[in-house]
Amino acid sequence: MAAIPPGTRQRCSLCQVEIQGMVGGNDLVHFSQGGPGTRAKLWARVCQYLRTGEQQAQCLNQDASQRGTVQQSDYFAEAPIIEIPPAAAPGP
């Protein structure tokens with residue numbers, strides 16, 4: 001997929017995020033929730049899970065040279081462990 005020209009946005013037909021082209025190639029990804037992120041974060045959370053060639057052909061974020069290096073913080077964090085106290089025994 002070709003680079004997105006600076007100052008313009010393209011919407012992915014699969015996941016519906018918008019990618020805004022930036023000068024220097026550090027594009028901004030506008031997620032439906034939360035602040036903007038990077039192409040690397042989008043790939044870590046969404047794009048890597050596409051399986052068919054058809055899906056990958058539609059994805060705006062399959063070119064590794066455009067997304068940069070994925071950091072550990074780009075992935076979703078593990079859910080915290082929640083300690084649930086044992087239920088009280090029913091009365092007589």
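Each residue takes its place number in the sequence, starting with 1.
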If hydrophobic clusters are built by linking Ile, Leu, Val, Met, Phe, Trp and Tyr wherever their side-chain heavy atoms come under 4.5 Å apart, do Val70 and Val17 end up in the same one?
no
Starting at OG1 of Thr69, measure out to CH2 of Trp43 and round the result to the nearest 0.5 Å.
11.5 Å
From SG (Cys47) to CD (Gln55), nearest 0.5 Å
11.0 Å
Smallest separation among heavy atoms of Thr8 and Pro5, with atom names
OG1-O, 2.6 Å
Considering all heavy atoms, the nearest Cys59-Cys12 contact
CA-SG, 4.3 Å
CA sep, side-chain torsions, deciding dist, call: Gln66, Leu60, side chain to side chain contact (heavy atoms under 4.5 Å, CB included):
CA-CA 10 Å; Gln66 291 182 9; Leu60 294 179; over 6 Å; no
Expected list for residues 18-37: side-chain donor-acceptor pairs under 3.5 angstrom, two or more places apart:
residue	atom	partner	partner atom	Å
Glu18	OE1	Arg9	NH1	2.7
Glu18	OE2	Arg11	NH2	2.9
Gln20	OE1	His30	NE2	2.8
Asp27	OD1	Met22	N	3.1
Asp27	OD2	Arg39	NE	3.0
Asp27	OD2	Arg39	NH2	3.2
His30	NE2	Arg9	NH2	3.2

Cation-pi geometry met for Arg45 and Phe76 (6.0 Å, 45°):
yes
Is the number of heavy atoms from other residues, nucleotides or ligands under 6.0 Å of Gln16 CD greater than 12?
yes
Is it true that a side-chain atom of Arg67 and a backbone atom of Asn61 form a donor plus acceptor pair closer than 3.5 Å?
yes
